[in-house]
Amino acid sequence: MTAPLDVLVVGAGPTGLALATQLRVCATRFRILDRSLDRAHESRALAIQPRTLEALAGFGVTEELVDRGNPTMRLRMHLPRRVVQMPLFHIGLADTAYPFLLFLSQAETEDVLSEHVAAQGVVIERGTELVQLEPKGSYVSCRLRHRDGEEETVDARYVVGCDGAQAPCAPKRASISRVTHIHRCSCSPISRSTGWSQEPYTRT
């Protein structure tokens with residue numbers, strides 16, 4: 001009998017890719033899948049917060065994100081009779097190496113993270129969908145459907161849903177009453193999806 005995976009990551013958007021980055025560093029046995037055949041190529045989310053940049057810096061991807069993006073500390077609003085400048089941050093800038101909101105489309109963010117995990121030997125299983133979950137004691141039994149229609153059953157100690165609130169991983173859609181090993185992640189990568197924490201990062 002094959003031992004269960006440590007983690008099954010469902011969804012290869014920015015959150016899932018950031019989680020995969022950390023799991024790879026920790027030498028965790030995991031798989032990451034996404035039912036879409038390709039990454040996002042449209043804008044979707046448009047900005048990355050300083051804390052997320054700090055967290056990702058430890059994995060060596062932040063500088064590439066900053067190079068591709070547009071660091072912004074204030075907005076300039078053009079009104080009919082005047083121009084008003086509005087600061088984006090009022091506090092917390094002194095202890096960060098990234099004192100700005102980084103405007104970067106989700107398409108670019110996914111591209112950077114996808115290239116990074118691929119360079120680390122991680123395979124994103126695209127065209128693969130999670131169709132059923134069943135908790136079984138210390139692990140969760142997951143039924144996957146591949147792009148050719150073939151189905152596979154995978155056991156994992158933890159299932160992390162990074163594919164949206166309405167996705168099949170959601171407990172109510174999977175008709176699961178016991179969800180101890182099922183986690184849902186959203187919003188900024190790393191900072192909410194993995195609980196990663198570190199001291200304020202200083203650029204060199």
Side-chain angles (χ1 to χ4, degrees), residues 9-26 28 30 32 34 36 38-124 126 160-165 167 183-204:
V9 181
V10 182
T15 301
L17 291 169
L19 175 57
T21 298
Q22 184 172 19
L23 292 174
R24 185 69 180 86
V25 169
C26 296
T28 305
F30 75 98
I32 177 171
D34 196 296
S36 299
D38 198 4
R39 65 172 179 80
H41 289 276
E42 62 275 7
S43 294
R44 299 187 186 179
L46 291 174
I48 304 176
Q49 301 287 338
R51 181 68 186 100
T52 300
L53 293 172
E54 285 184 352
L56 290 173
F59 305 119
V61 297
T62 294
E63 295 304 322
E64 176 67 19
L65 293 171
V66 173
D67 287 344
R68 294 197 190 192
N70 180 22
T72 304
M73 297 181 64
R74 64 180 60 84
L75 294 178
R76 183 172 296 172
M77 303 177 64
H78 294 265
L79 303 178
R81 297 180 180 274
R82 61 193 177 117
V83 176
V84 178
Q85 293 195 34
M86 178 182 299
L88 293 175
F89 300 100
H90 294 283
I91 58 175
L93 297 183
D95 64 347
T96 179
Y98 308 98
F100 48 78
L101 186 67
L102 181 67
F103 281 94
L104 184 67
S105 76
Q106 180 171 333
E108 290 291 321
T109 302
E110 286 191 20
D111 187 39
V112 171
L113 292 172
S114 294
E115 289 181 358
H116 179 76
V117 297
Q120 302 302 312
V122 176
V123 176
I124 302 171
R126 295 201 175 275
V160 186
C162 305
D163 52 347
H183 297 257
R184 172 139 311 278
C185 297
S186 60
C187 301
S188 62
I190 294 289
S191 57
R192 290 188 61 179
S193 66
T194 67
W196 172 270
S197 62
Q198 62 182 35
E199 294 302 316
Y201 181 82
T202 302
R203 299 174 76 179
T204 56

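How far CG of L104 is from CG of D67: 10.5 Å, rounded to the nearest 0.5 Å. Put simply, CD on E64 and NE2 on H116 are 11.5 Å apart, with the number rounded to the nearest 0.5 Å. The distance from atom CZ of R68 to atom CD of E108, rounded to the nearest 0.5 Å, is 5.0 Å. The CD atom of E63 sits 9.0 Å away from the CG atom of L53 when rounded to the nearest 0.5 Å.
The shortest heavy-atom contact between Q106 and P14 is NE2-CD, 3.5 Å. Taking each heavy atom of V112 and V61 in turn, the nearest pair found is CG1-O, 4.2 Å. Among all heavy-atom pairs drawn from T62 and A57, the shortest one is OG1-N, 2.8 Å. The heavy-atom pair separating D163 from G11 by the smallest distance is CB-CA, 4.0 Å. Taking all atoms of both residues into account, the shortest heavy-atom contact from A20 to I32 is CB-CD1, 4.0 Å. Closest heavy-atom contact between I124 and A12: CG2-CB, 3.7 Å.
At a threshold of 4.5 Å between non-hydrogen side-chain atoms, the residues V9 and L23 count as touching. By the 4.5 Å heavy-atom criterion applied to side chains, T96 and E54 are counted as neighbours. For the pair V122/F30, a side-chain contact is recorded, criterion being any heavy-atom separation below 4.5 Å from C-beta on.
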request  = Output, in order, the C-alpha distance, side-chain angles, deciding distance and verdict of side chain to side chain contact (heavy atoms under 4.5 Å, CB included) for I48 and L65.
outcome  = CA-CA 9 Å; I48 304 176; L65 293 171; 4.3 Å; yes
Residue pair Q49, L101: steps toward the side chain to side chain contact (heavy atoms under 4.5 Å, CB included) verdict = CA-CA 5 Å; Q49 301 287 338; L101 186 67; 3.6 Å; yes
message = Show, in sequence, the C-alpha distance, side-chain angles and deciding distance for E110 and H41, and conclude whether the side chain to side chain contact (heavy atoms under 4.5 Å, CB included) test is met.
response = CA-CA 9 Å; E110 286 191 20; H41 289 276; over 6 Å; no
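The closest donor-acceptor contact from the side chain of R39 to the backbone of S114 lies at 3.5 Å or more, if one exists at all. Under a 3.5 Å cut-off, the side chain of T109 and the backbone N or O of S105 do form a donor-acceptor pair.
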